[in-house]
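Heads up, the thing below is written out as structure tokens.
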Amino acid sequence: MKTHSIIKRFLKDNNMDFYLITNNDLHLNESPNLDLKDIYKLFKFDCTRGYVLFFINKFIFFTDTRYTLAAKKFFRNNCEIYDLSEITIVDYLIMQDKKLSGILDSKQISVKEFKEINLKLEKNKINIFPQLRNYFKKNYYPNFNISYPFSMPRYLIPRQFNDNLKKVKNNIKTEGILIWNNAHVAYLLNIRSFELWNSTKPFAGLFIPKKNIKPVLITNNFNLNKISKISNSFNIFGEEKFIKFLKLSKFKNIETSYQFLNLNMYMRLSKFLNLSESKINIPKYLGIKTPKEIKNIETCHIEDGLAVLKFIIDLKQKKINPKNEYEVSECLYNKRKEGINFFRNSFDYICAFDSNAAIIHYKPHPKKSLLSKNKNILLIDSGAQYLEGTTDITRVLKVGVKNISRIRYSYTYLIKSLIKIENKIFPINVLSSEIDLFIRNYLSKFKITYSHGTGHGVGNFGDVHEKYPIISQRSKDILTNNNLFSIEPGHYVEGQFGLRIENLYVTKTLNKKNLYLKNITLVPYDLDLIDLKLITNFERKYIKKYHKEIYKTLQPRLSNEYKNYFLKNLINKI
């Protein structure tokens with residue numbers, strides 16, 4: 001029996017109205033492997049953030065602005081589609097104006113999110129219950145046979161793992177802390193693994209006791225035992241054995257982050273101990289990079305800049321002739337693979353021609369992507385995992401011969417907005433929302449808007465999207481010295497074109513009172529898309545200076561052919 005039919009039969013037999021399906025895995029990762037995503041398994045639609053309300057006679061799809069257009073194209077008229085910024089799951093259920101009952105998989109939603117949803121639904125006499133067993137076949141774990149775990153080289157680690165554990169332990173207010181976020185575990189222990197696609201973090205949780213006993217790595221990936229510091233300094237327990245360990249050790253009060261712990265683990269532990277919300281801000285600890293991290297991250301951007309630059313020049317000179325969007329992304333991937341200490345992509349590339357670029361998180365399919373012939377622009381948002389750090393960059397290239405004045409207008413003002421923010425001095429401890437507002441206010445004067453956030457934190461050979469700092473209108477994050485994040489304003493016209501330019505920035509303090517944003521991305525802009533009539537003399541010189549800095553950094557590793565192209569088309573042209 002197909003999964004859809006099994007769900008419908010369960011709802012009918014148990015007098016339930018709906019099943020809420022999320023796109024998370026056990027550790028609530030932003031981008032689980034496809035075989036761990038229920039929405040993909042059910043509908044073959046892939047997205048980072050998505051929910052389905054599955055009723056007996058219909059299903060409703062919810063996502064954020066990045067995916068609404070893609071969802072409309074994919075599902076067509078098969079379901080209702082809602083943007084979460086306009087109508088939430090709770091809003092929709094309350095709008096039905098009747099008593100409803102539903103279930104969800106408690107292993108695939110955070111404690112925080114469930115509490116927030118349930119609190120609002122209860123007030124409206126709508127019940128949502130955590131399921132106690134699976135109603136259709138599921139796979140909760142990735143393939144650990146491809147994990148290849150290792151400990152980071154000493155010369156690259158920002159902080160010794162013992163120092164990390166000591167810092168956390170000193171701030172524990174209970175008997176111990178349960179850390180469930182994979183990226184936090186990877187960073188604190190200076191270990192990396194590869195069972196999650198496009199990721200470098202082990203599929204594991206971590207328990208750090210306050211008292212002087214071995215911490216516990218909670219995982220089914222026993223390959224981690226091959227790392228000597230893990231086998232020597234940690235116990236490795238699967239989930240069942242870990243719970244048994246807590247019971248036998250008679251722990252009564254431990255802390256965790258409700259944002260990152262799944263509801264199922266919370267409910268199981270709450271049966272025999274008190275599980276409180278921790279005050280330890282691990283995301284912020286990761287988000288304030290050490291000088292060593294900054295140096296390493298800048299090193300990986302040299303490697304990445306070299307690969308992307310060669311790709312751009314080869315594409316412009318038609319030294320490579322990819323047939324479609326998917327082949328374009330493969331060409332860039334192949335360039336990156338030539339780089340020193342390149343490990344893998346940091347996410348699936350967004351590679352889109354013309355109207356597809358208006359689909360914010362468009363992903364080309366090998367058999368269904370647009371052909372390259374007779375296209376005007378190419379948007380490619382891509383990134384890589386290097387041993388020294390993680391990259392994320394978006395560039396738009398002119399690939400056709402048409403004079404696209406409307407696109408050049410918007411592209412030019414996106415460049416101008418980045419120049420403005422790079423020359424702006426902010427007070428130290430500025431809210432990240434003020435960065436977002438600065439960009440949006442400037443662009444709105446020219447009727448350029450975008451519905452996604454302005455930026456996100458970036459990991460150190462880790463998550464390409466770190467939770468701190470988030471650069472958005474609603475963010476309450478405070479910026480300080482050595483934060484690393486993207487700035488990526490865009491403009492999208494459905495059915496016509498999409499533009500986005502993304503650089504990575506490091507915050508730097510100035511006179512201990514102010515800070516500025518240092519651009520560490522080393523990839524030139526496409527001068528063919530800049531309307532020189534719209535830029536000031538200062539802006540023209542600023543772009544030229546940026547391109548000269550890139551050339552100076554990369555030219556020792558460029559052949560004469562690449563050097564000549566760069567000088568002629570990316571420096572002397574402006």
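Below, each value reflects all heavy atoms present in this structure, side chains not excepted, and no hydrogens, waters or symmetry copies. For reference, positions follow the sequence shown, starting with 1.
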Think [X] forms a cation-pi with [Y], using NZ or CZ under 6.0 Å from the six-ring centre and within 45 degrees of its axis?
X	Y	answer
K335	F311	no
K211	F251	yes
R192	F343	no

Shortest non-hydrogen contact between [X] and [Y], atoms and distance:
X	Y	value
L332	A307	CD1-O, 4.4 Å
K292	I157	CD-O, 3.0 Å
L522	L554	O-CD1, 4.0 Å
I208	K169	CG2-CE, 4.1 Å
T390	L504	O-CD1, 4.1 Å
L28	Q259	CD1-O, 4.1 Å

Ion pair check, [X] and [Y], cut-off under 4.0 Å:
X	Y	answer
K41	D38	yes
R557	E303	yes
E239	K107	no
E240	R268	yes

Exercise for the section: Carefully, step by step, assess T219 and N221 under the rule side-chain hydrogen bond (donor to acceptor under 3.5 Å, both in side chains). Expected result: CA-CA 5 Å; T219 183; N221 183 7; 5.2 Å; no
Which value, rounded to the nearest 0.5 Å, describes the distance between [X] atom [atom1] and [Y] atom [atom2]?
X	Y	atom1	atom2	answer
R344	S199	CZ	OG	7.0 Å
F260	N182	CZ	CG	11.0 Å
L36	N23	CG	CG	10.5 Å
K467	H465	NZ	NE2	9.5 Å
N262	M267	CG	CE	8.5 Å
T256	F207	OG1	CZ	10.0 Å

Side chains of [Y] and [X]: any donor to acceptor distance under 3.5 Å?
X	Y	result
K508	N482	yes
T174	E255	yes
N345	N198	no
Y285	N164	yes
Y505	N503	yes
Y140	D105	yes
K201	N29	yes
H456	E488	yes
T88	D91	yes
S432	S475	yes

Are side-chain heavy atoms of [X] and [Y] found at a separation under 4.5 Å?
X	Y	value
N281	Y468	no
T63	Y51	no
I288	N483	yes
H27	L196	no
I191	F161	no
Y187	E466	no
L53	L93	yes
N341	C300	no

Taking [X] for its side chain and [Y] for its backbone only, find out whether a donor-acceptor pair lies under 3.5 Å.
X	Y	answer
N264	S106	no
D83	S85	yes
T509	K512	no
E175	K252	yes
N181	A183	yes
T391	H301	no
W180	L26	yes
E195	F203	yes
N33	D35	no
N118	F114	no

Practice task
May I have the step-by-step check of side-chain contact (heavy atoms from CB on, under 4.5 Å) for L515 and F426, ending in yes or no?
Solution key: CA-CA 5 Å; L515 57 80; F426 294 95; 4.1 Å; yes
Practice task
Would you mind telling me which of L437, I470, D436 makes a side chain to side chain contact (heavy atoms under 4.5 Å, CB included) with T454?
Solution key: D436
Handout entry: T48 vs F347, side-chain contact (heavy atoms from CB on, under 4.5 Å): CA-CA, chis, key distance, verdict
Key = CA-CA 11 Å; T48 300; F347 58 95; over 6 Å; no
Handout entry: side-chain contact (heavy atoms from CB on, under 4.5 Å) evaluation trace for W197 with D348
Key = CA-CA 9 Å; W197 302 347; D348 290 333; 6.0 Å; no
Practice task
Begin from the C-alpha positions of S147 and N223 and carry the test side-chain hydrogen bond (donor to acceptor under 3.5 Å, both in side chains) through to its verdict.
Solution key: CA-CA 8 Å; S147 62; N223 290 320; 3.2 Å; yes
Please verify the inter-ring angle class for [X] with [Y]; under 30° counts as parallel, over 60° as perpendicular, anything in between as tilted.
X	Y	result
Y141	F144	tilted
F54	F59	parallel
F150	F461	tilted

Might you confirm whether atom [atom1] of [X] has over 12 heavy atoms from other residues, nucleotides or ligands at distances under 6.0 Å?
X	atom1	result
K138	NZ	yes
F272	CZ	yes
K226	NZ	no

Fill in the blank from the handout: With F61 as partner, the option from F45, Y67, Y82, Y92 fulfilling ring pair (Phe, Tyr, Trp, His ring centres under 6.0 Å) is F45
